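Below is one structure, written out as structure tokens, with a few remarks after it.
Each chain gets a letter, A, B and so on, in the order its sequence line appears, and its residues count up from 1. Source: prediction; values computed, not measured.
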Protein chains: 2
Amino acid sequence: MCYNVSMQRVPVGERLPTLEDVARVAGVSRATVSRVINGIRNVDPQLHEVVWDAVGRTGYVPNRMARSLVTRRTGTVALVVSDSESHDDDPFMSRFFADPYFGRVVGGLMSVLRQAGVQLALQIVGSDDGRRRLVGDLRNGQADGVIVLSLPAVDALPRMLTEGGVPAVMIGRPAEPVPINYVDLANETGATIAAEHLLGRGCRRIGMISGPADVPASHDRISGFRRSTAKHGHGWVPIVAGNFTQESGEAAMRSLLAESPDLDGVFVANDLMAVGALLALRDAGRRVPEDVAIVGFDDSSAAVSAAPPLTTVRHPLEDMAAEAARLLLARIEDPEMRASSVIYEPTLVLRKSA
Amino acid sequence: MCYNVSMQRVPVGERLPTLEDVARVAGVSRATVSRVINGIRNVDPQLHEVVWDAVGRTGYVPNRMARSLVTRRTGTVALVVSDSESHDDDPFMSRFFADPYFGRVVGGLMSVLRQAGVQLALQIVGSDDGRRRLVGDLRNGQADGVIVLSLPAVDALPRMLTEGGVPAVMIGRPAEPVPINYVDLANETGATIAAEHLLGRGCRRIGMISGPADVPASHDRISGFRRSTAKHGHGWVPIVAGNFTQESGEAAMRSLLAESPDLDGVFVANDLMAVGALLALRDAGRRVPEDVAIVGFDDSSAAVSAAPPLTTVRHPLEDMAAEAARLLLARIEDPEMRASSVIYEPTLVLRKSA
DNA sequence: GCACATTTGGAGAGCGCTCTCCGATCGATC
DNA sequence: GATCGATCGGAGAGCGCTCTCCAAATGTGC
């Protein structure tokens, strides 16, 4: 094997070149090099060149840590996954990461952060002690701001963050009103769209597979569905709760079927559960959409690959995450910015299942 | 709304308490507080208590930045996604993040890092300039080490990292031999298992949908498949390449079908493409597995929810990522550690598609 | 009681950077 | 040519922490 020395540095022992070294090579002071590198004030163009040349020759790279220490800026944003009780090897967390939800959020976030030259640091907090430590670190400038994915129904983190003065944006509204920035989807509207589509195509006996009733998004989808079915004269509709996993959707579909065998339409609160429901329906010998129509929620990749492909409520998660990142960046830039929220409108994506 | 002051600090203006402040409150020197907090040397138990008390009263949280500056340790590991030519709003990246692959890796990584109190920072590099900057930052102690997900077939990053002396572990072997730690799957074996299963269940005309031939994992799966079919007397087998997305799998299946209409078994190099293949097969009126048997690769969530559920080669990605994290942590602890690699053996998961 | 080894706490020098002064330099103006 | 204002570069003080000295305090053996 052949190793060509691709990096021809001017190594000073194991020490990396510092501003001081560059200054010496360029024959100027540390301050001048700093000014050139940060593009501050007009430095004599000639010196400017000399300095950059010295930077190139020494292979200098600014030390972020040292810089952050004085500027109080890290160029890092934390993505916090706040969970109520997740312990070290909790399988829940790994399930969460494998869920397309997480990846879509990261993708949306990165599309904006990358351009801004900001890096994303992943943090999980599972206990109140962890939350406290996190807020402490954050106030200390561990990151310039945070994007919060709050899983528990009621979570002290959003409040702790605002009280600590940490720039933060939530994806999904907080369960209790807290003056915090957030980006959310009009979940009620989404559920309404789904219900009306089901009713519109002639379903007479409809039900719903919901998520856990205490998380805000889930709650809103339930109430939106209830309200709109009631409006159309369906006094009572069967609702069974799952926990957003495929297996739970399958189980929920079974109990729904047992409860109301004459079911002809189901709104499922996310695509993953809808895929599970499809499986249960096939087992029960019902055709989709002929016997039972299914409307999912999210428009995740699972919706396209399902058999039949799912008609679903589109949740523009990437766009929302990108907006959250923009909001956070703006807030970091302007500490006076007032808490604001952006609500996205869902749309129905028609495929085969309803 | 009611805001109860949940954090009763002793605020010194906007300044957060520093070691100095704690020292003053405790009536000792800065050094002593530092020693107590870091548990170094035996400090008089009585002072010990006084110091912790002062820490509590002031609400002191150590400033990581300042600490890192002197210790050269950050408590951060970077997850680098090295891409050849990804630009700012490249849709490819968002597709990559939404792929279960990414989430599984993150989940596996976090399961180990979390316990170690290490945070994960996400980095994307798309250009050689970006790579250079990254290595520079890394050498400067921006992170203690890196986990590399190298997408391009031939990538200078692994070598740059080893030459720069940055602790690094790759997930998936490097395309060219570089003395770097890595964790990989025995891809050839996986392909062999798939081929033999197909042959074993009586398939006579088998083909393959592969990934891009220049990425190592993909290459190995192709050669494993070729070798084992040849061994069983199939001199030539049709292989069409996709790019690991569902759509590409669908397209590949169509051309495979056009090329060899009498096909009765296909090995698909990942589950996502296999789901696409299933769609194409259904369109073509072929039953799976009766007319055409399908074996996927990965055992991702897509395999379970596919119709029919995929028989697939299990890729224990979470375990591999966790192992990579452990390896990295060990390497960070012991800089003398020699580059080593861990190869996982794939297994076949039997479901309905073959 | 004294010489000695052994703890234990404090002073202070940095880690690598930014940024505020301030003095030096320069060109323009009368 | 002297004076003023503007501009530009350097010195040096920190940012908050760790860690190496050292001095003081304590304990040990004869």
Side-chain angles (χ1 to χ4, degrees), chain A residues 12-52 54-55 58-76 136-142 144, chain B residues 12-52 54-55 58-76 136-142 144:
Chain A
V12 195
E14 262 308 307
R15 252 186 65 253
L16 263 66
T18 71
L19 256 198
E20 194 78 54
D21 298 320
V22 180
R24 199 173 322 113
V25 171
V28 297
S29 81
R30 212 170 55 241
T32 305
V33 180
S34 173
R35 276 195 280 260
V36 169
I37 289 184
N38 297 299
I40 289 169
R41 255 172 47 175
N42 15 347
V43 175
D44 187 304
Q46 215 160 347
L47 264 189
H48 196 272
E49 201 163 323
V50 172
V51 169
W52 276 118
V55 167
T58 51
Y60 171 74
V61 181
N63 183 318
R64 282 197 176 212
M65 229 67 60
R67 180 180 281 178
S68 299
L69 186 57
V70 26
T71 58
R72 261 92 225 301
R73 276 298 195 81
T74 59
T76 297
D137 278 355
L138 255 17
R139 286 173 43 114
N140 251 325
Q142 154 104 283
D144 298 336
Chain B
V12 195
E14 262 307 308
R15 252 185 67 252
L16 262 65
T18 72
L19 256 199
E20 193 78 53
D21 298 319
V22 180
R24 200 174 320 115
V25 172
V28 297
S29 82
R30 211 169 56 242
T32 305
V33 181
S34 173
R35 277 195 280 262
V36 169
I37 288 184
N38 297 300
I40 288 169
R41 255 170 48 173
N42 17 345
V43 176
D44 187 304
Q46 216 160 346
L47 264 190
H48 196 274
E49 199 163 321
V50 172
V51 169
W52 276 119
V55 167
T58 51
Y60 172 73
V61 181
N63 182 318
R64 281 198 177 211
M65 229 66 61
R67 178 180 282 180
S68 300
L69 186 57
V70 26
T71 58
R72 264 91 224 302
R73 275 300 194 80
T74 59
T76 298
D137 278 355
L138 254 17
R139 286 172 43 112
N140 253 324
Q142 154 104 282
D144 299 336

Using a 4.5 Å cut-off on heavy atoms from C-beta on, say whether the side chain of [Y] contacts that of [X].
X       : Y       : value
A/Val55 : A/Ile37 : yes
B/Arg35 : B/Thr32 : yes
A/Val36 : A/Trp52 : yes

Could you tell me how far apart [X] ([atom1]) and [N] ([atom2]) are, to the nearest whole angstrom?
X       : N      : atom1 : atom2 : value
B/Leu47 : C/dT7  : CG    : C1'   : 13 Å
A/Leu69 : D/dA13 : CG    : P     : 17 Å
B/Arg67 : C/dC17 : CZ    : P     : 21 Å
B/Arg73 : D/dC19 : CZ    : P     : 11 Å
B/Asp21 : D/dC15 : CG    : P     : 11 Å
B/Glu20 : D/dT18 : CD    : P     : 13 Å
B/Arg24 : D/dG16 : CZ    : P     : 12 Å
B/Ile37 : D/dC19 : CD1   : C1'   : 15 Å

OP1 or OP2 of [N] less than 4.0 angstrom from a side-chain nitrogen or oxygen of [X], does that happen here?
X       : N      : value
A/Thr71 : C/dT18 : no
A/Ser29 : D/dG9  : no
A/Thr32 : D/dG9  : no
B/Thr18 : D/dG16 : no
A/Arg64 : C/dC17 : no
B/Asn63 : D/dC15 : no
B/Arg72 : D/dT18 : no

With distance as the sole criterion, do the side chain of A/Arg35 and the base of C/dT18 form a donor-acceptor contact below 3.5 Å?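 Not at all, since no donor on one side and acceptor on the other fall under 3.5 Å apart.
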On DNA chain C, does the nearest nucleotide to B/Val28 precede the nearest nucleotide to A/Pro62 from the 5' side, or the other way round? Give the residue.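 Nearest-nucleotide comparison on DNA chain C picks B/Val28.
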Considering all heavy atoms, the nearest [X]-[Y] contact:
X        : Y        : answer
B/Asn140 : A/Asn63  : O-ND2, 3.7 Å
A/Asn38  : A/Arg67  : OD1-NH2, 3.4 Å
B/Arg72  : B/Asp144 : O-OD1, 4.3 Å
A/Gln142 : B/Met65  : CA-CE, 3.9 Å
B/Ala23  : B/Ser29  : CB-C, 3.7 Å

In degrees, rounded to 10°, what is the bend between the two ends of the helix from C/dG1-D/dC30 to C/dC30-D/dG1, using five pairs at each?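 The end axes of the helix from C/dG1-D/dC30 to C/dC30-D/dG1 are about 50° apart, to the nearest 10°.
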With sugar-phosphate meaning primed atoms plus P, OP1 and OP2, does B/Arg30 contact a base, only sugar-phosphate, or nothing at under 4.0 Å between heavy atoms?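 Base contact - B/Arg30 has a heavy atom under 4.0 Å of at least one base atom.
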So what does A/Asn38 touch, heavy atoms closer than 4.0 Å: a base, only the sugar-phosphate, or nothing?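 Counting heavy atoms under 4.0 Å across all strands, the contact made by A/Asn38 is with sugar-phosphate only.
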Output the single nucleotide from D/dC15, D/dT18, D/dG9 whose closest atom is nearest the side chain of B/Ser34.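 So the side chain of B/Ser34 is nearest to D/dT18.
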